[in-house]
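See below for the structure under consideration.
Order of listing sets the numbers, starting from 1, for every ligand and every atom in it.
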Amino acid sequence: MNAKELIKTANSLVADAKGILAMDESFPTCNKRFAKLGIPQTEEARRTYRELIATTHGLGESISGAILFDETIRQRTNDGTPMIKVLINAGIIPGIKVDTGAKDMAGHPGEKISEGLDGLRERLIEYYQMGARFAKWRAVIAIGDSIPSQACSEANAQTLARYAALCQEAGLVPIVEPEVLMDGGHTMERCFEVTEEVLHTVFNQLYTQGVMLEGMILKPNMVLPGLTCPKQESADDIADATVKCFRRAVPAAVPGITFLSGGQSAELASARLNAMNVRFKSEIPWELSFSFGRAIQQPALEIWHGEEANVLKAQQALYHRAKCNFAARRGEYTDAMESPILS
Ligand code: 13P
């Protein structure tokens, strides 16, 4: 393990108010989003879309790293440049999703365990040689009447920690992603309880497995009410609850917390991240940043719609969302930034 290199990469991913762009949707997820918009679910359509993202002019002004899917890291742009090289040339650190998906957990209806540890050491060596410098593993935790179970949080936490240790051995910074899902009618208080418990379990396992906290990034959910909960708290209340929860459970040695968006609208994700930085930036030990997928990409995907003629407008929308989140990192995001830019 090259501790110095890992620490440098981890810090670069959260430096200068920049954040991470998640563009690592697996085949089923990407195809589902394309199908909704009537975009063909082909390798070429996925390649074209990822090229649109990677070649967005000025993306590196607000994006420090981009997470790719295995298919994408092997693809080239129309002019034959490897996709990974396009990112590096834009000053963006390439990362790679390495879990192979969240599968139904035996004996635990409604719960999932993420897979992908078999053969991971060899895959990580190959990704490092290709130029990736960080990786991502997503575990999902659902909230329900009697879930999450201890079995689900412990199994996912241990898997995340084993993945993280393998990444550090290979020179890749692990992004550790325990996602407590927004689906359901649970309250923000319930999300707080579950998130705190999950984070304690994860950091316990990271410690047990010997993961160097200075050379990793945490990618969690914000503490939010469920999507169908009648009470939806303000951005300030969500910021307070989220930071309170993370202060209890995330060691100060971790350089950055990069939130996932998890199905929040792009505007709400920016507003909530902004509220956290306005209220707490000067008093917290870690950078509070973003590693959004949908909250950066969705408006651009809808504009693109699979049509070549829409590429430039879609890139403008992507650039705009990245800039909004860059502003939210500094506590400088305002509603005025959302006035129409594309008409
Ligand atoms: P969302 O921001 O769309 O939740 O995606 C982030 C991600 O990478 C999920 O693993």
Side-chain angles (χ1 to χ4, degrees), residues 13-14 19-34 36-37 49-50 53 62-73 92-103 112-116 132 134-143 156 159-160 163-164 167 173-183 191 195 198 202 216-224 226-227 238 242 256-273 276 288-302 317-318 321-322 324-326 328-329:
L13 286 169
V14 291
I20 298 169
L21 166 63
M23 52 182 288
D24 61 325
E25 297 81 7
S26 61
F27 293 132
T29 306
C30 187
N31 288 345
K32 204 163 66 191
R33 291 185 190 153
F34 278 17
K36 246 190 185 163
L37 296 168
Y49 177 58
R50 264 70 183 251
I53 296 176
S62 31
I63 299 297
S64 56
I67 315 171
L68 303 175
F69 183 55
D70 180 76
E71 179 184 65
T72 318
I73 202 170
I92 296 172
I93 305 171
I96 181 78
K97 169 190 174 73
V98 299
D99 65 82
T100 54
K103 308 285 161 60
K112 306 259 184 204
I113 176 76
S114 298
E115 295 187 348
F134 72 102
K136 173 191 116 171
W137 182 292
R138 172 175 178 255
V140 292
I141 310 287
I143 297 183
N156 274 298
T159 312
L160 277 166
Y163 137 83
C167 283
V173 167
I175 296 205
V176 172
E177 181 178 3
E179 175 176 5
V180 177
L181 297 172
M182 287 174 75
D183 304 322
C191 179
T195 303
V198 165
V202 167
M216 65 159 274
I217 298 286
L218 178 71
K219 173 166 175 166
N221 52 287
M222 297 180 191
V223 173
L224 301 170
L227 277 172
I238 285 167
T242 303
I257 296 177
T258 64
F259 291 99
L260 57 92
S261 57
Q264 305 174 66
S265 74
E267 293 81 3
L268 277 179
S270 300
R272 291 162 173 173
L273 177 63
M276 284 182 229
L288 284 180
S289 183
F290 59 91
S291 176
F292 295 156
R294 283 162 286 180
I296 297 179
Q297 288 185 48
Q298 195 58 29
L301 177 62
E302 286 170 17
L318 189 85
R321 285 261 54 91
C324 287
N325 292 309
F326 177 66
R329 283 274 271 121

remark   = NZ (Lys219) and CD1 (Ile257) are apart, to the nearest 0.5 Å, by 14.0 Å

query = Quick one: do the Asn221 and Thr195 side chains pair a donor with an acceptor below 3.5 Å?
reply = yes

key: Within-4.5 Å side-chain heavy-atom neighbours: Phe292 and Gln298   = no

key: contact_flag Ser291 ligand 1 heavy-atom lt 4.0 Å   = yes

ask   = Side chain, backbone, both or neither: which part of Ser261 comes within less than 4.0 Å of ligand 1 when only heavy atoms are counted?
value = both

ask   = For ligand 1, which atoms sit closer than 4.0 Å to a heavy atom of Gly262?
value = 1 (P), 2 (O), 4 (O)

remark   = Quick note on ligand 1: atoms under 4.0 Å from a heavy atom of Phe292 include exactly 2 (O)

inquiry  = Out of all atoms in ligand 1, which are within 4.0 Å of some heavy atom of Lys136? Include the element for each.
reply    = 7 (C), 8 (O), 9 (C), 10 (O)

inquiry  = I need the nearest protein heavy-atom contact for atom 8 (O) of ligand 1: residue, atom name and distance, please.
reply    = Lys219 NZ, 2.6 Å

key: Region of Arg138 engaging ligand 1 - heavy atom pairs below 4.0 Å   = side chain

ask   = So Tyr163 and Trp137, would you call those rings parallel, tilted or perpendicular, with 30° and 60° as cut-offs?
value = tilted

query = Between atom OG1 of Thr159 and atom CD1 of Ile113, what is the distance when rounded to the nearest 0.5 Å?
reply = 4.0 Å

inquiry  = With heavy-atom distances below 4.0 Å as the criterion, list the atoms of ligand 1 near Ala22.
reply    = 8 (O)

Nearest neighbour in protein (non-hydrogen) for atom 9 (C) of ligand 1 = Glu177 OE2, 3.2 Å

note = Candidates Ala102, Ala266, Gly293, Ala295; heavy atom nearest atom 5 (O) of ligand 1 found on Gly293

ask   = Side chains of Ser114 and Asn156: does their closest heavy-atom pair fall under 4.5 Å?
value = yes

Reported CD-to-CZ distance for the pair Gln297 and Arg50, which is rounded to 0.5 angstrom = 7.0 Å

